[in-house]
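Quick one: the structure is below, and I'll ask about it shortly.
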Amino acid sequence: MSAVIDAHHDDHDHGPAKGITRWLYTTNHKDIGSMYLWFSFIMLLVGGVMALIIRAELFQPGLQFVDPALFNQMTTNHGLIMVFGAIMPAFVGLANWMIPMMIGAPDMALPRMNNLSFWILPFAFTMLISTLFMESGGPNFGWTFYAPLSTTYAPESVTYFIFAVHLAGASSIMGAINIIATILNMRAPGMTLMKMPMFVWAWLITAYLLIAVMPVLAGAVTMMLFDIHFGTSFFDAAGGGDPVLFQHVFWFFGHPKVYIMILPAFGIVSHIISTFARKPLFGYDSMVYATSSIAFLSFIVWAHHMFTVGMPLAGELFFMYATMLIAVPTGVKVFNWVSTMWRGSMTFETPMLFALAFVFLFTIGGFSGLMLAIAPADFQYHDTYFVVAHFHYVLVSGALFSIFGAVYFWLPKWTGHMYNESLGKLHFWLSFIGVNLAFFPMHFSGLAGMPRRIPDYALQFADFNAWSTVGAFVFGLPQLLFLWILVQVIRTGKQATAEVWEGAEGLEWTVPSPAPYHTFATPPVVR
Amino acid sequence: MTEQHAGGQDNYFVPHDSKIPVWIAFGLILFMFGFASFLNASKTGANSNLLLLWIGAGIIGVSLYSWFTNVIRENHAGLANAQLRRSYVWGMGWFIFSEVMFFAAFFGALYYVRNFAVPWLGGEGDKGVSNYLWPGFSPDWASGENPSTYRPGPAETMAAPSSITSWLAYLPFWNTAILLSSSFTIHWAHTGLKSGNRKGLTAWLGVTIALGVIFLFLQAEEYIHAYEQLGLTLGSGIYGSTFYILTGFHGFHVTLGTFMLMMCMVRVLKGHFSPDDHFGFEACSWYWYFVDVVWMGLFLFVYVL
Amino acid sequence: MMSKSRYLAQAAAAIAAMVMTMPVRAALEYNMPVGVTDVSRQVHDLHMIIFWICVAIGVVVFGAMLVSMIMHRKSIGHEPATFHESTKVEILWTIVPLFILVAMAIPATRVLVEIYDTGGEDMVVEVRGYQWKWEYKYLDASLNEQVSFFSNLATSRAEITNQTTKNENYLLEVDNELVIPANTKVRFLLTANDVIHSWWVPDFAIKKDAIPGFVNEAWTYVEEPGIYRGQCTELCGKDHGFMPIVVRVVPKEEFQQWYAAQLGTDSGDEALAVAQLAQ
Ligand code: HEA
Ligand code: HEA
Ligand code: CUA
Ligand SMILES: [Cu+2]
């Protein structure tokens, strides 16, 4: 450990400190970005192993590997870890790395708080995962933790779960405040709002969503805590409360949350497509407006997750219409991407492959989302594998694919080395096949009537489930390949140029590869 | 750590490595873990102690203290340029917004139970059939009655008296008056600071702190009264639940706000803050306004309506 | 490792079983059932309409993408154009989807309104969820209980743990079925005793949550006598996957006999009064 002695290390252009303290004490946005990304990757593997346990159990009818109690814990923790541990931190990591470089800032606005936001996460997730080894077992009430299953009927470990959510929420809020402050306050002279790169725009809006809804989630778990330990009756009809109140509060958070997981992806894909089509992004302004509209609409659609709770008709209709409306701005984005490709000069490097697959598969996920939005039809879809298919299309082949794309896109800038293109392509193709094999059949099993969150199922669903399981393993393996590619590119590889990709636009491509430890200590001027 | 780097003071100050944040994260997890174990143990009646929680709190406290002293020291050393101060402004502003949303969750819950859940349970509205399960329950919010007799409601609620004149004997009314006037006093303290009137600053800040403390004292009185005389407790159904979660978290924020103002007082007495550089003070005052505004909402929706 | 090879063997056996059973299976179910009520048919139609609209839009969008990927690639020497905005097309592709959505919303609204029309029923059944079984109560017109019984999973433990072969209705069979008359508007009052459950019979297109302390309503009017199966669709704890629903729809006369037998009197006045509701 290198001791930090105040007297002697005040040269601002110094490189990183040595040893573990570099990571523990760092205030550097690049270090923190890397930590977020690695943390997220570890969580992807942990959550992925849980997914594989789920899929193994579902490979054929009957109980084989895990008992129902453990199965529920796997489903719950898989969802929680993927959403809060894998996808979110990955986007925050990308924001940390790229936003300062894209807007010409020396670092994030509040570097120490940045370090705090990160370091809360490993602790919080350690606490969450440790509950799995507690006597009572871990959380088993689904990632949506509906009361009273998560209150009166919950295992003891729920208290730890609640505090883990509080902590993860605090981390997200601090991260989001930092990102907003950075974007609003740290842009280089001349970089007006409407000149900002799409990724920055997407994150500005995402950060706003985060600050608006994470506290509401904190409120929801706080009410749970009070119901469990202090005798209140928020979610208990006997005392005048309502279990459905929980769902309203949760989804007021939860729906914007799912857009939090897709808006940064939209930003990333916009960059990748325009770079590899060698054409400026089509309809920049409309992209900004569409993103804002999606963010706005996301606050008034939450109850589409609750069509079957028996809302009054008027509520049902309102939430159906509002939800359907989201297809319009999202459509604008899809059309803009296609127009960006149109008459471009396309090449198909790994990032582009992931971006194209994103447009293709996310749209399929969007279509199934639209079907779910039709309330009377949702009575048939709700809580079946059709929903599982929907959200894995938007989350895995949507959010996760965009993250893969982003990593390949910016890796040369981060490490100074080109990754191995053939291995990258192999990673892509195996993932593409695996993801479709795993999740496409779920549409069928869902429509045929298979409920979600069950460890065992009736015989008519057997074939589709077998395929899904095979697909899940096919998708899992190339993620190890991805790890190998990463390790390789950090160690060696062809030296990357500053520009990296032919004709790439943006400030991040003006600094050398690898990007120096401190960039833009004096702001560049943007014309 | 206070040397300026080559670019001089115009450059944005990016602090060096800091041990503080990771310690806070560590303190937080000890605190939370300790708290959770304590709650679980007390629920089952097992041996419970708060040792871990206090260690965590201690770490957090010490770390925050050194964090703030660091920032103040850097500021005095001239490292904080105008741009950095703007970052603080944005940071505090959005932090308060997040707090607003935290309270919004509870206000939303109150709105929902009063307008939907309780009427439905009592046989009114779209889902009035639910009354089938609770024969005899009538949905009168002000009575605090609960659907199930297993959950006895309070003998009396905190609802405001019907005639304005009897408000003089109504504690929440006085609390409202106190917080409302504290908004003015903190504003005057700020004006004093900006015009270089240190005496005025000290005096008005002192008055604000006093008002905060009085508010908390009265609030405690009210709670004791509610628990002991009215039988209005956390366990007395949804009225008690919403009442205490809203006023409780508000009271907690007032406590925090008062503490922050006290810290400002310490700094004022040490001669900190200048007429054109006093973000520390301003941030605390914003927080105080926010706490006041929440109370106005509370007074209206929890007590009066 | 012992267990690993056992798993492998199991997997191999499963694949073999899958291949062997495939041709025997009559029709692979892969779509939403059409069902046996007017509502379920309408919901199915709605589902198909939206599906085909999405397919059509997909063909256009993915078609354009594919054309572009094939024709506008650098490797065949295509030079990039420089256009990057057009307010006209932006407006166009905002308005057109909007119209498509309105066109979807109209039939959706109509069906939803019909589903919500719970009045005018001929008989009332209370459905109550428990961890992990259902209870059915037949109520009279003023909601007093007449007949009630529990409905438990009937699949044997041995089948679930793979000790015996699984029968055709594996996990979808109960000891006591809910019996209702055909050609009758049956109103369901759904509630639960512990946590939230959800009562789903795909062939009726009914899925409604059973929420402790509250009552939800649903209704059905089945024309076709038969046996219809469904499952609990809200995570309700350990055995959420093991609380199926089986509804036996019988002709009215048969129902009356059955009901009278349940009451223990074959022609008690009360019994008839309720049973006659069904006429
Ligand atoms: C990244 C995350 C993400 C995204 C982006 C979306 C996007 C959408 N989602 Fe999804 N959703 C989830 C994540 C996401 N969802 C999750 C995790 C759940 C399950 C939670 C749980 O219960 O565990 C869920 C569940 C869910 C439900 C509840 C289902 C149920 O439980 O019964 C519904 C219902 O309305 C829904 C709808 C939609 C809609 C309408 C969109 C729209 O935004 C999609 C819009 C996109 C398009 C429509 C495609 C592109 C558009 C065009 C090409 C234009 C032209 C098209 C038309 C006019 C049709 N989603
Ligand atoms: C946000 C993102 C996200 C991501 C990325 C994933 C990724 C995956 N998910 Fe999941 N999923 C959710 C979010 C996500 N999921 C949510 C929110 C739920 C709902 C939870 C709930 O109901 O409460 C859910 C639920 C869910 C279910 C339904 C469970 C149920 O209802 O009981 C299933 C079932 O198949 C599933 C499968 C998978 C699979 C196979 C992957 C794969 O993509 C995972 C791939 C990754 C790996 C496999 C790990 C990497 C590889 C290794 C570690 C090496 C070992 C590998 C081999 C030897 C092959 N997920
Ligand atoms: Cu009962 Cu799920
Ligand atoms: Cu949603």
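Naming convention: chains lettered A, B, ... in sequence-line order (proteins, then strands); numbering from 1 in each chain.
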Check: Of the backbone (N, CA, C, O) and the side chain (C-beta and beyond), which part of B:Leu39 lies under 4.5 Å from a heavy atom of chain A, both, or neither?
Finding: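 When you check distances to chain A, atoms from both the backbone and side chain of B:Leu39 fall under 4.5 Å.
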Between A:Thr27 and B:Pro15 (side chain of the first, backbone of the second, donor and acceptor by atom type, cut-off under 3.5 Å), is there such a pair? yes
Got a list of side-chain donor-acceptor pairs under 3.5 Å for residues 162-180 of chain A, not counting sequence neighbours?
unit_1, atom_1, unit_2, atom_2, d
A:His166, ND1, A:Ile162, O, 3.4
A:His166, NE2, A:Thr222, OG1, 3.0
A:Ser171, OG, A:Ser117, O, 2.8
A:Ser172, OG, A:Ala168, O, 3.3
A:Asn178, OD1, A:Leu110, N, 3.0
A:Asn178, ND2, A:Leu110, O, 2.9

Please flag which part of B:Ala109 lies under 4.5 Å from any non-hydrogen atom of chain A: side chain, backbone, both or neither.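 Its backbone and side chain both get close to chain A.
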Honestly, the part of A:Phe123 sitting under 4.5 Å from a heavy atom of chain B is both
Next on the checklist: Would the distance check show the side chain of B:Asn11 and the main-chain N or O of A:Ala521 forming a donor-acceptor pair, the cut-off being under 3.5 Å?
Outcome noted: yes
Contacting moiety of B:Phe35, where chain A heavy atoms sit under 4.5 Å
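Contact with chain A: backbone and side chain both.
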Run the side-chain donor-acceptor check on residues 24-31 of chain B: report pairs under 3.5 Å with partners two or more places apart or on a different chain.
none

If one checks every heavy atom of A:Met214 against chain B at 4.5 Å, the contacting part turns out to be neither
Nearest heavy-atom approach of A:Asp242 to B:Tyr112 is OD2-OH, 2.9 Å
Applying a strict 4.5 Å limit to non-hydrogen atoms, the region of A:Ile228 in contact with chain B is both
Please classify the contact between A:Phe118 and chain B as side chain, backbone, both or neither, with a heavy-atom cut-off of under 4.5 Å.
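Neither the backbone nor the side chain of A:Phe118 comes within 4.5 Å of chain B.
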Would you say A:Asn185's side chain and B:Gln83's backbone share a donor-acceptor pair under 3.5 angstrom?
yes
